Amino acid sequence: MAKPANAWCRHCVDGEGCRIYAQRPQLCRDFLCLWRTDADLDDAWDPARSRMMIYRQGPQVTVLVDPDHSEIWKQPPYAETLQRWAHEGEGGQYVIVFVGDAVFKID
């Protein structure tokens with residue numbers, strides 16, 4: 001599947017999810033959204049509610065924010081958690097936020 005990183009997939013339907021979920025490619029099957037894998041993240045972090053998708057990539061925590069909700073990552077409860085992750089920084093961990101073409105590193 002030729003899809004640029006951090007772009008909507010052509011099979012994604014806003015408010016519904018993946019149209020081909022049962023037949024999705026292996027790359028999609030292997031993707032681990034942090035909301036699904038981190039027991040400390042409650043339903044507020046569900047991408048449908050938070051308007052963010054978060055994943056770990058080595059020491060980087062990547063946050064992809066829906067550009068239509070560009071400020072949501074700065075609001076509670078998200079801002080506090082993202083800042084805590086950035087300050088924990090064990091093993092060189094850091095947090096990068098993408099909002100459309102804008103990129104922010106949380107210090």
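Below, all heavy atoms of this structure are taken into account, side chains as well, without hydrogens, waters or symmetry copies. The shown structure was predicted, so the numbers you read here are calculated from the model rather than taken from an experiment. One-based numbering along the sequence shown.
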Closer than 3.5 angstrom, by distance alone: can the side chain of R24 be matched with the main-chain N or O of Y21 as a donor-acceptor pair?
yes

Could you grab the distance from atom CD of E71 to atom CZ of R51, nearest 0.5 Å is fine?
15.0 Å

Under 4.5 Å between any side-chain heavy atoms of P25 and I20, yes or no?
yes

Quick check: do R49 and D43 have side-chain heavy atoms less than 4.5 Å from each other?
yes

Flag yes if more than 12 heavy atoms outside D30 fall under 6.0 Å of its CG atom; otherwise flag no.
yes

Same cluster (ILVMFWY, side-chain, under 4.5 Å), M53 and Y94
yes

Taking atom CD1 of I106 and atom CG of L82, what is their separation to the nearest 0.5 Å?
4.5 Å

Is there a side-chain contact (heavy atoms from CB on, under 4.5 Å) between R84 and H87? Walk through the geometry before answering.
CA-CA 5 Å; R84 182 173 38 73; H87 292 145; 5.9 Å; no

From Q57 CD over to L32 CG, what is the distance, rounded to the nearest 0.5 angstrom?
12.0 Å

Can you find a pair of side-chain heavy atoms, one from I72 and one from Y78, that are under 4.5 Å apart?
yes

How are the rings of F31 and Y55 set relative to one another: parallel (under 30°), tilted (30 to 60°) or perpendicular (over 60°)?
perpendicular

When rounded to the nearest 0.5 angstrom, what is the spacing between CG in L64 and CD1 in I96?
11.5 Å

Smallest heavy-atom separation, A44 atom then P77 atom, equals CB-CG, 4.3 Å

Evaluate the ring planes of F104 and W73, with Trp represented by its six-membered ring, and classify them as parallel (under 30°), tilted (30 to 60°) or perpendicular (over 60°).
tilted

What I'd like to find out is whether the side chain of V103 reaches to under 4.5 Å of the side chain of V97, using heavy atoms alone.
no

Mind checking the CD-NE2 spacing from Q75 to H69? Nearest 0.5 Å is all I need.
10.5 Å

Using a 4.5 Å cut-off on heavy atoms from C-beta on, say whether the side chain of R56 contacts that of L34.
yes

Can you find a heavy atom in the side chain of W35 that is under 4.5 Å from one in the side chain of P47?
yes

Report yes if some heavy atom in the side chain of Q93 is under 4.5 Å from a heavy atom in the side chain of V61; otherwise report no.
yes

For the atom pair CD (Q83) and NZ (K74), what is the distance rounded to the nearest 0.5 Å?
11.5 Å

Do I54 and W85 make a side-chain contact, defined as non-hydrogen atoms from C-beta onward lying under 4.5 Å apart?
yes

